[in-house]
Amino acid sequence: MHGSAGAQGTIMASIPRLSPEPMSLSRNAPTGAPSRPTGAPAGRLPTGIFKAYDIRGVVDDTLTEEGVRRIGAALGIEARARGVDTMVVGRDGRLSGPRLANALAAGINSAGVDVVDVGQVPTPVVYFATFELGTGSGVAVTGSHNPPQYNGLKMMVAGETLFGDAITGLHAVADATDLDEALKGVTPGSTRVLDILPRYLERIVSDVRLARPMKVAIDCGNGVAGAVAPELYKRLGCSLQELFCEVDGNFPNHHPDPAEPENLEDLAHCLAATDAEVGLAFDGDGDRLGVVTKDGKMIFPDRQLMLLAEDLLARQPGAEIIFDVKCSRNVANWIRERGGKATMWRTGHSLVKAKLKETGAPLAGEMSGHIFFKERWYGFDDGLYAGARMLEILSRSDDPSAVLNALPDSPTTPEIKVEVAEGENFTLVERLKNGGHFTNAKEVITIDGVRAEYDDGFGLARPSNTTPVVVLRFEADTPEALERIKQDYRQAFAAVAPDLKLPF
């Protein structure tokens, strides 16, 4: 695989901000590589579609075929700079997917890079293909869990998932006036189609072993996971109740986002009405997992991570396990009690993947539902594989719901979102860091927002990296402690932003 050291700064070294002076692609750029565009930005690509972790916009409005072609060309230039000659392209089940994937492949080809088109597959299958084919580079055309009119790109180059400054640098090249001029004379790459799904399914089925056959309900929300999940879990030995497994980019039944409890109601009803033992739900592109018990309880991803961590630590005593700042304080306590090293990190699937790579930890998880296995897998987030590993553990018990319901839980709030002006979410949280006072907090963690830890709970305020909101979450041992911590945050906000109206 074409690897590369470094984190998000790497791409900025090879795609610098545009300069009036011509710049070579790289000291080690292959012969015949395209020259670096040097023109001023043309304004073809709205800055707002370039998010912290991916590219995302409204199709035919902010995200057009021409825009995606130009982004593909910029990705191809970056790939060539890193010595990559082939990229994988796949797409989820959105109606705009085929034409945007074609535009993306055309752009990548125009920079002299070959494309392997793996077709309509979950995002993790694109990641799998980059490992299986040794490219380390690929793009999933996906709108994830966004409404049907959205689509976007999740990108990986030379073994690194692009985020932050890397995506900003990509915008500079894609939007240059002389991008197409810089590509003249480059021998175009070619595109070939490959069905990678048989290899993906075989890889999981050869690795995961259930202790007994299980009865499972699955809800794919008409997302692309529906093209894979039924076959995968049947091959693992499950009998299935299938909900909304027909891939339909209109999402006619419910939104494909298992993080929202209302999207799991159909699954809960199915579990109550059938002999299924447990329910699994997937988001629109299949990289996140939701779990529901027989009695209809939603097992949030931080509690899922506890069960997975316990299983892993039985095989790897003392292993490091990473979780994001939104997770329950029960996670760290659970990991430490079982002899593991608990590491809190910043929210964002790209950031967690980078930390996983840096530390060599075998497991990581986010409150959003992204679970990353390095043990027995490749270190990327995969809701389908996470579901398989969850069933492997639950199959050892005759009562999976009892196992799940026994996991530590505490009174908690859902995510509370404070809407502010564009960019104000970052400045507001910075003011909170510098001027907020948290009574009786034993520790204030500022790696990603402001998380105040108390003896009996925690509060968190962090700026969203994708929308102009401040996200808050509170957890405590008792409802009374929960209210006290919320009041502490009200007072802290009042000290730095007295006119701010809080929705809690």
Side-chain angles (χ1 to χ4, degrees), residues 124 203-216 218 229 232-233 235-238 258 277-282 287-294 297-324 327-345 352-353 355-356 359-409:
R203 174 66 176 78
I204 298 177
V205 172
S206 67
D207 171 71
V208 176
R209 291 281 185 270
L210 303 195
R212 62 176 178 85
M214 291 191 70
K215 298 174 181 177
V216 180
I218 59 172
L232 171 61
Y233 296 116
R235 287 180 61 177
L236 287 172
C238 301
E277 305 171 74
V278 67
L280 305 180
F282 306 95
D287 60 6
R288 293 189 295 132
L289 173 69
V291 177
V292 178
T293 64
K294 180 70 174 173
K297 291 186 177 127
M298 178 178 178
I299 303 299
F300 282 101
D302 52 357
R303 296 177 77 204
Q304 296 173 31
L305 182 61
M306 290 184 220
L307 191 61
L308 296 166
E310 181 176 54
D311 177 64
L312 182 137
L313 288 167
R315 290 186 298 277
Q316 295 191 23
E320 180 174 8
I321 296 166
I322 298 165
F323 56 96
D324 77 319
C327 284
S328 167
R329 56 203 280 271
N330 294 322
V331 173
N333 294 335
W334 179 272
I335 292 168
R336 292 182 188 121
E337 286 168 3
R338 282 150 186 78
K341 178 183 177 183
T343 299
M344 183 185 294
W345 194 236
V352 174
K353 264 184 271 200
K355 189 67 172 175
L356 198 72
T359 61
L363 177 65
E366 281 192 283
M367 191 65 194
S368 62
H370 294 276
I371 305 289
F372 312 79
F373 293 90
K374 188 67 177 171
E375 186 220 30
R376 297 162 54 189
W377 201 236
Y378 303 93
F380 57 77
D381 39 336
D382 186 339
L384 295 159
Y385 180 73
R389 291 284 289 263
M390 183 68 66
L391 293 178
E392 184 177 60
I393 297 168
L394 295 176
S395 69
R396 300 169 195 155
S397 167
D398 291 332
D399 191 349
S401 290
V403 173
L404 292 167
N405 287 328
L407 294 166
D409 203 8

Quiz prompt | Criterion side chain to side chain contact (heavy atoms under 4.5 Å, CB included) on L407 and W334, from CA distance to verdict | solution = CA-CA 9 Å; L407 294 166; W334 179 272; 3.9 Å; yes

Quiz prompt | Stepwise side chain to side chain contact (heavy atoms under 4.5 Å, CB included) check, R396 with V403 | solution = CA-CA 10 Å; R396 300 169 195 155; V403 173; over 6 Å; no

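- Separation of atoms CG (L384) and CZ (F282) is listed at 5.0 Å; rounding is to 0.5 Å.
- Under the ring pair (Phe, Tyr, Trp, His ring centres under 6.0 Å) test applied with Y385, the options F372, Y233, W377 reduce to a single match, W377.
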Self-check item: Full working for side chain to side chain contact (heavy atoms under 4.5 Å, CB included) between I321 and L313
Solution: CA-CA 9 Å; I321 296 166; L313 288 167; 4.0 Å; yes

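- How far CZ of R209 is from CG of L236: 9.0 Å, rounded to the nearest 0.5 Å.
- Looking at R376 and V208, their side chains come closer than 4.5 Å, going by heavy atoms from C-beta outward.
- Put simply, NZ on K374 and CD on E320 are 14.0 Å apart, with the number rounded to the nearest 0.5 Å.
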Exercise. Would you sort out whether K341 and I335 count as a side chain to side chain contact (heavy atoms under 4.5 Å, CB included), showing the intermediate values?
Key: CA-CA 7 Å; K341 178 183 177 183; I335 292 168; 5.9 Å; no

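- The minimum heavy-atom distance between A332 and A342, with the atom names listed, is CA-CB, 3.8 Å.
- Residues P258 and A281 share a closest heavy-atom pair of CB-CB, 4.0 Å.
- Residues L363 and L305 have side chains in contact (heavy-atom distance under 4.5 Å, counting atoms from C-beta outward).
- Between D287 and F380 the shortest side-chain heavy-atom distance does not fall below 4.5 Å.
- Ionic pairing of D381 and R288 is not present here: no N-O contact between side-chain nitrogen and carboxylate oxygen is shorter than 4.0 angstrom.
- In this structure N405 satisfies the side chain to side chain contact (heavy atoms under 4.5 Å, CB included) test together with T293, D295, K297, I299, S401, sequence neighbours excluded.
- Partner of P400 under the side-chain contact (heavy atoms from CB on, under 4.5 Å) criterion, out of K215, M214, M390: M214 alone.
- Considering only heavy atoms from C-beta on, I393 comes within 4.5 Å of L308 through its side chain.
- The shortest distance between side-chain heavy atoms of L394 and L307 falls below 4.5 Å.
- Side-chain contact between F323 and E366 is absent, with no heavy-atom pair separated by less than 4.5 Å.
- At least one donor-acceptor pair under 3.5 Å links the side chain of R303 to the backbone N or O of P408.
- In plain terms, the two heavy atoms of L356 and A361 that are nearest each other are CD1-O, 3.3 Å.
- If you take SG on C327 and CE on M344, they are separated by 8.5 Å, rounding to the nearest 0.5 Å.
- Looking at heavy atoms from C-beta onward, L289 lies out of side-chain contact with I371 at the 4.5 angstrom threshold.
- In this structure, E277 and K294 approach most closely via the heavy-atom pair O-CB, 3.7 Å.
- Looking only at side-chain heavy atoms (C-beta outward), V278 and L391 come within less than 4.5 Å of each other.
- Within the model, atoms CZ of R338 and CG of D311 stand 12.0 Å from one another, a figure rounded to the nearest 0.5 Å.
- Minimum interatomic distance between D302 and S328 (heavy atoms only, all atoms of both residues): OD2-N, 2.9 Å.
- Panel note: side chain W345, backbone I322; no donor-acceptor pair is recorded below 3.5 Å.
- Between the CE atom of M306 and the CD atom of E337 there is a distance of 10.0 Å, given to the nearest 0.5 Å.
- Closest non-hydrogen pair, V352 versus A364, comes out as CG1-CB, 3.6 Å.
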